[in-house]
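Let me begin by presenting the structure, written as structure tokens, before commenting on it.
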Amino acid sequence: MPNRDYPLEKVRNFGIIAHIDAGKTTTSERVLYYTGAQHKIGEVHEGETTTDWMEQERERGITITAAAITCFWTRTNEPDKKDIAKKFRFNIIDTPGHIDFTVEVKRSMRVLDGAVVVFDGVAGVEPQSETNWRYADEAQVPRICFINKLDRMGANFEKSYQSILERLTKAAVRMQLPIGAEGDFEGVIDLLERKAYKFEGSMGESVVEMPVPENMKADMEKYRGELVEKIVETDDKLMTDYLEGKVADLSDLKATLRKAVIANKIFPVYTGSALKNKGVQLVLDGVVDYLPSPLDMPPVKGTNPKTGEEVVRTASDTEPFTALAFKLQADPFVGQLTFFRVYSGTVEAGSYILNSSTGEKERLGRIVRLQADKREEVKKVYAGEIAAAVGLKSAKTGHTLCDETNPVILEGITVPEPVISMRIEPKTKADQEKMGVALKKLSDEDPTFRVTTDQETAETLISGMGELHLEILVDRMKREFNVDANTGKPQVAYRETITKSAEAEGKYIKQTGGRGQYGDVNLRLKPMGPLETNKKLAKNITREDHFEFINNIKGGVVPNEYIPAVEKGVREAMERGIVAGFKMVDISVELYDGSYHDVDSSEIAFKIAASMGFQDAAKAAGPVLLEPIMKVEVVTPEKFMGDVTGSLNSKRGQIEGMEERGLARAIRAKVPLSEMFGYTTNLRSMTEGRASFTMEFDHYAIVPPNVAQTIIAGRK
């Protein structure tokens, strides 16, 4: 077996994450240039970037799909850049910042070992920075921060740094200080090493040491003291030495800081300007010094599908092959690509693997390494790598791929529920067949994009995370699959629930010559409390996010074989609510009594009885409509503040706070999604096109009665 061409401790799998427009893609382009992966820098505003390769991304200047890139880096202070032994291998994923494509960030976080979080030096922490930070917290991903765009008017390193401390984490600490700001931004000071650097050459490729400016020496010592204190706090021995007045040497401080970053106890903060080619190389040194290699991460845990026992896999080539499929992508040249992260073992092209999530065996035809939309074919991939397989048929996002003799299922990827849907129909008969294929491929690729059929009208409905999300998917159908379609106006994904407890009997008796049908159940409904995780539930309760079924039958008054049919009948009844026909959620259903007939009882009879009983009980349980409420942030020049707050109030919005953002004002509010359609146009006309807004799903809330009447009337 040929050995891997670089050791595992020299691999870094990390993502670049940020709010929309903070400069992620610009930073990724600099990384590719400085690592030698490409020979010229592409700019977002010219539509020339490597990682934003889709036509829609280049037209809009935003990232839509996460792009994977592989490149190699040697530290800036290494004299011999050509020496292979000094190179580190980076597998990087550039993720979108727009909330409509948030699943790309969520699933990338699941398979990465670290992240570089980019912030705008003017705005600091923005709403999507918070969401992405939360996803990284959930996945326990170590991060380093990069405050970008320090060359912009109104950029302020201290203010942005304070916003990280206030809104994200108290554990962030300055690694650098900027020299100058806005138009005068010229370089950075490394606090640990007490050195200053400037960036020379046409593309800032030469990192040159310069003297620390006299007027900054006092600040450097003050903030270095803070940094050293933060580091020694995480290590008992260093802390004792520090209190005794001993000075820790640089290598000890760095090693301790690395441990603290990997344990998520410290988040180092770097600064610079990617567009002006300043500071990016030092962030890459930070990735090498402080972000984990696959060996630093805890072993990945899964379950054996046959025995249900816990299985542990460590990052090693000698362990059995285990990988997680985290993204599907339709490729016009090679067909379906399945991106996967290898946690343990190796796999060769042409070998057979098991998809333990479906139980199917598949042949892994070809393996490719990705350079955004370009591919490089490889024969074998090793532990700790990210690659893509061509032609896997059954793999979906979150499925586990493994060695067939050592099956394991890893924890999947949870995706947010869609909040908006619209009707779609093909323009011509020829488009009809193609549309089915296109929708299937797009929904396989993007788990937050759902395709359903309205049972009553037989119309096709597509659902997603926002207007932009659906607009881009329809656009992709047209360009990639040549399908012309008409779309209806977007609809909100309303839900229904109950507000109090109620009981009812469902009885289904049908007598036709010969054998009849008999089912009789008594159900008790109550609103469901918050989901308690990790609680070992009794065997007679099935519980999910929005539904709980409790079997409380005593003495066999309803035989055991009919209980699943009762549960199925209740589930089907919940699909069509009784207020306006929307799906019902957050209901606890208890089956506590009933009766059966020796001859006439059947599963179908109990299913129908359960459905009837559920509807009767739900009508008596104070049913209400629920609507999605969005977290909205509008950034506007001060003179339009009054107009903007007035318009949000008129949309049933609740203003939660305001703050200064450079010369602008940021207004935070919670607003129902139904009121936000077409808000982009409204906002532009109200503010001379100078304001912008972002929104993301926050929670479901009860619809006020007067609005509910309009919705119900519209459904009829």
Side-chain angles (χ1 to χ4, degrees), residues 4-17 24 27-37 68-94 112-118 136 141-148 173-176 188 190-193 195 197 199 204-207 209 227 231 249-272 274 277-297 315 382-386:
R4 52 166 74 236
D5 47 359
Y6 45 88
L8 203 50
E9 62 270 12
K10 294 214 161 186
V11 177
R12 300 286 182 273
N13 295 314
F14 65 97
I16 296 183
I17 59 173
K24 292 176 308 305
T27 306
S28 303
E29 287 298 312
R30 299 306 181 275
V31 171
L32 286 177
Y33 178 74
Y34 295 135
T35 56
I69 328 151
T70 299
C71 51
F72 296 88
W73 176 245
T74 310
R75 271 204 194 80
T76 31
N77 54 8
E78 290 289 354
D80 185 7
K81 290 279 192 190
K82 296 278 185 289
D83 185 356
I84 286 254
K86 296 196 170 140
K87 281 191 184 305
F88 283 79
R89 177 197 175 112
F90 287 172
N91 297 316
I92 307 172
I93 295 185
D94 175 35
L112 292 170
D113 301 332
V116 174
V117 190
V118 183
V141 173
R143 280 144 276 177
I144 59 181
C145 305
F146 176 51
I147 296 176
N148 187 22
V173 64
R174 303 173 192 80
M175 291 296 287
Q176 296 176 333
V188 297
D190 182 317
L191 292 175
L192 263 188
E193 298 193 344
K195 287 178 182 171
Y197 296 98
F199 303 85
E205 62 275 6
S206 307
V207 182
E209 197 177 321
L227 171 61
I231 296 171
D249 62 47
L250 198 58
S251 57
D252 283 350
L253 286 172
K254 279 190 164 180
T256 307
L257 177 56
R258 178 179 172 78
K259 277 188 203 149
V261 172
I262 291 170
N264 280 314
K265 290 179 181 167
I266 292 184
F267 302 100
V269 180
Y270 290 77
T271 186
N277 310 312
K278 291 182 175 137
V280 176
Q281 296 97 315
L282 300 180
V283 175
L284 296 183
D285 287 351
V287 167
V288 165
D289 290 341
Y290 307 119
L291 285 187
S293 76
L295 292 174
D296 296 312
M297 298 305 285
Y382 299 88
E385 288 197 33
I386 290 174

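One finds the CZ atom of Phe72 at 12.5 Å from the CZ atom of Phe88 (value rounded to the nearest 0.5 Å). Atom CD1 of Ile266 sits about 9.0 Å away from atom CE of Met175, to the nearest 0.5 Å. Rounded to the nearest 0.5 angstrom, Arg143 CZ and Leu112 CG are separated by 12.0 Å. To the nearest 0.5 Å, atoms CZ (Arg174) and CG (Leu191) are separated by 8.0 Å. Taking OH of Tyr270 as the start and CG of Leu284 as the end, the distance is 10.5 Å to the nearest 0.5 Å. Between the CZ atom in Phe267 and the CD1 atom in Ile144 there is a gap of 12.0 Å [rounded to 0.5 Å].
The shortest heavy-atom contact between Leu291 and Arg12 is O-NE, 3.1 Å. When all heavy atoms are compared, the tightest approach of Ser293 to Leu8 is CB-O, 3.7 Å. The nearest pair of heavy atoms linking Phe146 to Thr271 is CE1-C, 3.4 Å. Of all heavy-atom pairs spanning Ile231 and Leu253, the tightest one is CG2-O, 3.6 Å. In terms of heavy-atom proximity, Pro294 sits nearest to Asn13 at CG-ND2, 3.9 Å. Closest of all the heavy-atom pairs between Tyr290 and Ile262 is O-CG1, 3.8 Å.
Looking at Phe14 and Asp113, their side chains never come closer than 4.5 Å, going by heavy atoms from C-beta outward.
Side-chain N or O atoms of Asn148 include none that pairs as donor or acceptor with a backbone N or O of Val118 at under 3.5 Å. Side chain of Arg89 to backbone of Lys87: no donor-acceptor contact under 3.5 angstrom is found.
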Chi angles and distances behind the side-chain contact (heavy atoms from CB on, under 4.5 Å) call for Phe199, Asn277: CA-CA 7 Å; Phe199 303 85; Asn277 310 312; 6.0 Å; no
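For Arg258, the salt bridge (charged side-chain N to carboxylate O under 4.0 Å, His left out) partners at least two apart in sequence or on another chain are Asp296.
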